[in-house]
Amino acid sequence: MPLTLTLTPTPSQTVGPFFSIGFDPLAVRDIASTHPSDERERITIAGRVVDGNGSPVPDAVLEIWQADANGIYAHPEDAHSDSAHTENHLDDAQTGSAQAGGAHANDPRQRATSQPARSPAFTGFLRVPTNDAGEFRFTTIRPGRVLAPNGALQAPHLAVSIFMRGLLKRLVTRIYFPGEESNTSDFVLSLVEEQRRNTLIARRTSANSGELEWNVILQGENETVFFEV
Amino acid sequence: MSGKTSAHPQLLGYRRPAPGTQPEYLHPAYISSIKRAPTKPLVHLPQTISEITGPLFASEHASAKSCDMTRGSSHGEALGERVIVTGRLLDEDARALPNALIEIWQANAAGRYFHKWDQHDAPLDPNFSGVGRAVSDAQGRYCFVTIKPGAYPWKNHYNAWRPAHIHFSIFGPAFATRLVTQMYFPGDPLLESDPIFNSTADENARKRLVSTFDPQATVPETALGYSFDIVLRGREATPLET
């Protein structure tokens, strides 16, 4: 392998206590209404961020990144995204015929012939600060399943970054959904020791399946699983 | 390596940091980290489509000519030393990263943040909110005009002062490249004793955090220029592991 000079990447530093000055302009807690209504399953996730003393963290912020209801990310590297069509990525991304979501709309392996278009207004991004009681709440739509590198489908999930004073670099985690059978064979969840997997799965808090609870426990016995990505 | 379908492209992930080039979560000299850093080992997450895609903001926030000084400073009456901060957003392979959103925030010249929690006994400047946003151009270049922030005291340890710094938040091309960092100023005597700056073990990596005084970016009779390149993770050469 040829010896090449590479640049040292810039280190991370903490956001500090005053990040809301910089982050508030793009804070967004509800993106459900930007998704086409005939496909969406609205969900609200509420929770708290708690530190090693069990104290609420009033100065944390969560960033969520997710696919739309058809399991498509708003990004050119998702071959099924509209913007990928102009990048000439894959042959089957070029068929691009829009179709109303059917039983197989969530299965990318079927997309070569029946391809739902990505929901263009749905960014898949939320930025949710905690309040003075360390609580957060956001509303989005349940994402569709996306491919894992081994060609199988991942269980539906949200990718999460967490920032706060006291964190020199972000924490990365995921939120999965309760009652989802595909959780048992998920590519990423399978890497987590069994007794800790529940920290990544939101819980139903009422009969309404759209109301979920998920907490960030930074330290201790019920510490949330965090990833090195 | 079984189960690959023609619908699944060969995706390239982002390279992991070399040891010591990023801070550890627990850095006891930085007191707040003690009760907030995770205590259990992180789980290694092989990157998937979820991590190599990420939110892209450029089309909504394209800022034009944020450093056009010919029209007079956009900070009008703000107090303090006017500075131009400019640089390129690159990856480790020195590839320019265009159309990336950069958010900044900072204290004013007196070292006071426009935030309800900052009660430091230094004046607020009603003409300076300390927030900015820019998008890197086709060459990866960004530019801000701002005021040089003052150092400010924090209660981490006795007589603790943060060196003058500007917070930078960068959305690179992917979830995996997301970075929030701080830019410091060259020759600042407070750098040596700052626990946050010193939380990164590798000296070359730490140097990446310090801007360079840049005579080329300095505009006569108007503003001093500081150059600050930002380097994000580079791509892997081989496809994502299964």
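Nothing here was measured: the structure is a model prediction, and the numbers come from that model.
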Check whether A:Glu193 gets within reach of chain B through its side chain, its backbone, both or neither, counting any heavy atom under 4.5 Å. neither

Is there side-chain contact between A:Thr14 and B:Gln182, with heavy atoms separated by less than 4.5 Å? yes

Relative to A:Phe23, does B:Arg133 satisfy both conditions: NZ or CZ under 6.0 angstrom from the six-membered ring centre, and within 45 degrees of the ring's axis? no

Non-hydrogen atoms of chain B under 4.5 Å away: do they reach the side chain of A:Leu171, the backbone, both or neither? both

Specify the closest pair of heavy atoms between B:Ser50 and A:His157, including all atoms of both residues, with the distance to one decimal. OG-NE2, 2.7 Å

Report the distance from atom CD1 of A:Ile21 to atom NE2 of B:His167, rounding to the nearest 0.5 Å. 8.0 Å

Would you say the side chain of A:Leu191 lies within less than 4.5 Å of the side chain of B:Pro46, judging by non-hydrogen atoms? yes

Within the 4.5 Å heavy-atom criterion, are B:Tyr25 and A:Lys169 side-chain neighbours or not? yes

Taking atom CD of A:Glu228 as the centre, report whether more than 12 heavy atoms of other residues, nucleotides or ligands fall under 6.0 Å from it. yes

For the residue pair B:Ile49 and A:Asp78, establish whether any side-chain heavy-atom pair is separated by less than 4.5 Å. yes

Grab the two heavy atoms, one from A:Pro76 and one from B:Leu56, that are nearest each other, plus how far apart they are. CD-CD1, 3.6 Å

Please verify the inter-ring angle class for A:Phe18 with B:Tyr152; under 30° counts as parallel, over 60° as perpendicular, anything in between as tilted. tilted

Measure B:Pro17 against the heavy atoms of chain A and call it side chain, backbone, both or neither at under 4.5 Å. neither

Output for pair (A:Arg165 CZ, B:Tyr30 OH), nearest 0.5 Å, gives 7.0 Å

Tell me if the CD atom of A:Glu194 is crowded by more than 12 foreign heavy atoms within 6.0 Å. no

Give the ring-plane orientation class for A:Phe125 versus B:Phe57, where under 30° counts as parallel, over 60° as perpendicular and anything between as tilted. perpendicular

Hey, what do you get for CD1 (B:Ile52) to NE2 (A:His75), rounding to the nearest 0.5 Å? 7.5 Å

Any chance you could measure A:Asn53, atom CG, to B:Ile34, atom CD1, to the nearest 0.5 Å? 10.5 Å

Kindly indicate, with the supporting measurements, whether the criterion side-chain contact (heavy atoms from CB on, under 4.5 Å) is fulfilled by A:Leu168 and B:His27. CA-CA 8 Å; A:Leu168 286 159; B:His27 187 68; 3.6 Å; yes

Report which part of B:Lys116 has an atom under 4.5 Å of a heavy atom belonging to chain A: side chain, backbone, both, or neither. side chain

Cut-off 3.5 Å, side chains only: do B:Arg178 and A:Ser161 have a donor facing an acceptor? no

Which value, rounded to the nearest 0.5 Å, describes the distance between B:Leu232 atom CG and A:Thr10 atom OG1? 7.0 Å

In the structure I gave you, are the side-chain heavy atoms of A:Glu223 and B:Pro38 within less than 4.5 Å of one another anywhere? yes

Between A:Val225 and chain B, which part of the residue has a heavy atom less than 4.5 Å away: side chain, backbone, both or neither? side chain

Does A:Glu77 pair with B:Arg235 as a salt bridge, N-O distance under 4.0 Å? yes

Under the criterion side-chain contact (heavy atoms from CB on, under 4.5 Å), I'd like the reasoning laid out for B:Lys35 against A:Leu218: C-alpha separation, chi angles, the key distance, then a yes or no. CA-CA 8 Å; B:Lys35 289 298 180 184; A:Leu218 294 169; over 6 Å; no

So, the side chain of B:Arg36 versus the backbone of A:Asp51: is there a donor-acceptor pair under 3.5 Å, distance only? no

Nearest heavy atoms of A:Val229 and B:Gln47, plus distance in Å: C-NE2, 3.8 Å

Note, B:Leu45 side chain near A:Val188 side chain (heavy atom, < 4.5 Å): yes

B:His115 and A:Ser20: which non-hydrogen atoms are nearest, and at how many Å? NE2-OG, 2.9 Å

Between B:Leu26, B:Asp91, B:Thr48, B:Val43, which shows the greatest number of heavy-atom pairs under 4.5 Å with chain A? B:Val43

Less than 4.5 Å to any heavy atom of chain A: does that hold for the side chain of B:Thr200, its backbone, both, or neither? side chain

In Å, rounded to the nearest 0.5 Å, how long is the span from CH2 of B:Trp117 to CG of A:Asp132? 6.0 Å

Would you say B:Thr181 and A:Ser12 make side-chain contact, with heavy atoms under 4.5 Å? no

Mind running side-chain contact (heavy atoms from CB on, under 4.5 Å) on B:Leu101 and A:Leu26 for me, showing each step along the way? CA-CA 11 Å; B:Leu101 177 70; A:Leu26 295 186; 3.4 Å; yes

Would A:Arg127 and B:Glu103 pass as an ion pair if we require N to O under 4.0 Å? yes

Hey, is A:Arg174 close enough to B:Glu51 for a salt bridge, meaning N to O under 4.0 Å? yes

Using non-hydrogen atoms only, which part of A:Phe19 is less than 4.5 Å away from chain B: side chain, backbone, both, or neither? both

Main-chain N/O of A:Gly166 paired to B:Ser33 side chain as donor or acceptor, under 3.5 Å: no

In terms of heavy-atom proximity below 4.5 Å to chain B, should A:Val216 be classed as side chain, backbone, both, or neither? neither

Using distance alone, with no hydrogens and no angle criterion, decide if A:Trp65 and B:Thr53 have a side-chain donor and acceptor under 3.5 Å apart. yes

Counting heavy-atom pairs closer than 4.5 Å to chain A, which one of B:Leu42, B:Asn204, B:Ile230 comes out on top? B:Leu42

If you draw a 6.0 Å radius around CD in B:Glu203, do more than 12 non-hydrogen atoms from other residues or ligands fall strictly inside? no

Which region of A:Asp24, side chain (C-beta onward) or backbone (N, CA, C, O), has a non-hydrogen atom less than 4.5 Å from a non-hydrogen atom of chain B, or is it both or neither? neither

A:Phe226 six-ring face occupied by B:Lys40 cation (under 6.0 Å, within 45°): no

A:Gln13 and B:Tyr184: side-chain contact (heavy atoms from CB on, under 4.5 Å), yes or no, with the steps? CA-CA 11 Å; A:Gln13 299 275 262; B:Tyr184 301 97; 2.6 Å; yes

With heavy-atom distances below 4.5 Å as the criterion, would you say the side chains of B:Arg208 and A:Pro11 are in contact? yes

